[in-house]
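Quick note: residue numbers are just sequence positions, from 1. Numbering of ligands and ligand atoms starts at 1, following listing order.
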Amino acid sequence: MEELKHRVLIDSQAPNKSTGIINGESSNILNWDDVRFSWAYPKYKRMLGNFWTPFEINMAKDIKQFPTLSQRERDSFLKIIGLLALLDSVQTDYAGKVADYLTDSSLNALMIILAQQEVVHNHSYSYVLSSIVTKSEQDEVFEFWKTEPILIKRNEFITNGYKGFVESPNIENLLKSIIYDVILEGLFFYSGFAFFYHLARNQKMVATSTMINYINRDEQLHVGLFEKIFKEVLNENPAYLTEELRTFGMETFKQAAHLEIEWGREIIGSHVEGLLMHDLEDYIKFMANKRAKQLGFEEPFEGCKTNPLKWIIAYQEVDQGKTDFFEQKSRQYTKTSDANGFDEL
Ligand code: ZN
Ligand code: ZN
């Protein structure tokens, strides 16, 4: 089992363009015109193009609307925020831990921007909660992950997956942790996203959904970045693309989808009018297939090749100018000439 070497602070003997994504040589100097991977700079531009902060979002309408939601809607709303707050907190730190072992200054730079975006996501949860509930309720929401059995089960699935790598950083554990990462950023948020988009579709809590949309947009880039890292590590270390890894990948996506469906039943069940749990299940299976395929694994669910929640695409593709459901304030940051299309849906 090959251990991972830390990226050195500075190495005058090594080239600026690194010799390997992991365990390579790199001066650690960042010159965007002299980097190992041609996709790194376009990714950097897209990540900067996504820049936003919660301060841009006016919460006035949501503040008035929140008390008018049903009890179930309010409970689900707060539970989802509690879940996202835990996942984004862990993610900020995981990004830094992976970055320490990437022997390439440009990929370290991308991971720092990714981590910064996770910090903004966490800020948005505090921002929403401080607008709509009391400080003590807000504090409670940030503690949900400790006591809600369904959250504990889901979160431990991810954190145990990360711990293997953090405690024993070798190539195999890095690859496996990236599978959990793609589940966190590309699957485990999706029942929650669907819940908020469903509210927005009914003209409820649109400011919160605007933030959720920005988070969704960031997460799609993050999944894409980890997909690249995963593939480059295997490309440079092909002996690690084993049958065991393929089976592990497929099985892990399958388990994750079941956990996400269980969570979806909890927060959506039959009580959110018009959002059929059956469709949400198929949507989650569709997303699990899509993510498994992105990492080069077999699809865990037969069929499930099309998105059964067609309306959701409009909410996720907001940057392509197809919709104007959300408040538009931060759109000025994303230049129309940039390649910022959503290739994920
Ligand atoms: Zn995030
Ligand atoms: Zn992310």
Side-chain angles (χ1 to χ4, degrees), residues 40 43-44 46-57 79-99 102 107-129 141-142 144-145 151 154-155 157-159 161-162 165-166 174 177-197 208-230 253 256 260 263 287 290-291 294-295 315-316 318-319 330 333-334 340 342-345:
K43 185 65 96 178
Y44 169 71
R46 289 181 67 186
M47 290 177 89
L48 287 191
N50 270 13
F51 181 80
W52 66 283
T53 80
F55 300 118
E56 299 155 10
I57 315 274
K79 268 192 199 164
I80 296 168
I81 298 268
L83 166 80
L84 297 179
L86 178 280
L87 293 182
D88 270 321
S89 298
V90 171
Q91 195 57 15
T92 308
D93 202 29
Y94 172 72
K97 293 192 190 311
V98 171
L102 298 175
L107 298 193
N108 177 46
L110 294 180
M111 295 302 277
I112 286 170
I113 298 171
L114 183 148
Q116 181 266 345
Q117 291 178 335
E118 305 301 3
V119 172
V120 172
H121 299 172
N122 260 92
H123 174 203
S124 72
Y125 308 135
S126 307
Y127 185 81
V128 168
L129 292 178
V141 171
F142 275 84
F144 275 167
W145 65 276
L151 287 189
R154 281 171 42 107
N155 296 344
F157 179 77
I158 294 290
T159 50
Y162 280 1
F165 159 69
V166 171
L174 170 66
S177 78
I178 295 176
I179 296 171
Y180 288 102
D181 171 276
V182 168
I183 289 167
L184 191 163
E185 302 191 282
L187 188 68
F188 267 11
F189 282 3
Y190 276 67
S191 286
F193 287 158
F195 173 83
F196 284 109
Y197 293 148
T208 303
S209 285
T210 302
M211 268 181 266
I212 292 292
N213 175 250
Y214 293 163
I215 293 170
N216 194 170
R217 190 179 64 170
D218 290 344
E219 298 305 351
Q220 300 202 48
L221 284 184
H222 299 177
V223 169
L225 175 56
F226 274 104
E227 176 194 338
K228 291 279 190 203
I229 292 172
F230 187 83
F253 277 105
E260 183 67 6
W263 167 244
M287 287 306 304
K290 186 181 163 71
R291 297 310 185 203
Q294 264 180 285
L295 294 187
Y315 286 82
Q316 295 185 325
V318 74
D319 268 341
S330 76
Y333 293 116
T334 305
N340 61 355
F342 278 34
D343 47 14
E344 297 286 297
L345 295 153

Examine the side chains of Asp88 and Asn122 and answer whether a donor and an acceptor come within less than 3.5 Å of each other. no

What I want to check is whether the side chains of Ser124 and Tyr214 have a donor and an acceptor closer together than 3.5 Å. no

Rounded to the nearest 10 degrees, what's the angle OE2 of Glu185 makes with ND1 of His222 at the Zn ion (ligand 2)? Could you check? 100°

Between the Zn ion (ligand 1) and [X], which N, O or S atom of the residue is the nearest one?
X      : value
His121 : ND1
Glu118 : OE1
Asp88  : OD1

In short, Arg291 meets Tyr190 closest at the heavy-atom pair NH2-OH, 3.1 Å

More than 12 non-hydrogen atoms from neighbouring residues, nucleotides or ligands closer than 6.0 Å to CH2 on Trp263, yes or no? yes

Hey, which N, O or S atom on Glu219 ends up closest to the Zn ion (ligand 2)? OE1

Using the six-membered ring wherever Trp is involved, compare the ring planes of Phe165 and Tyr94 and label them parallel, tilted or perpendicular (cut-offs 30° and 60°). perpendicular

At a threshold of 2.8 Å, where the distance has to be below it, does the Zn ion (ligand 1) have an N, O or S atom of Asp218 nearby? no

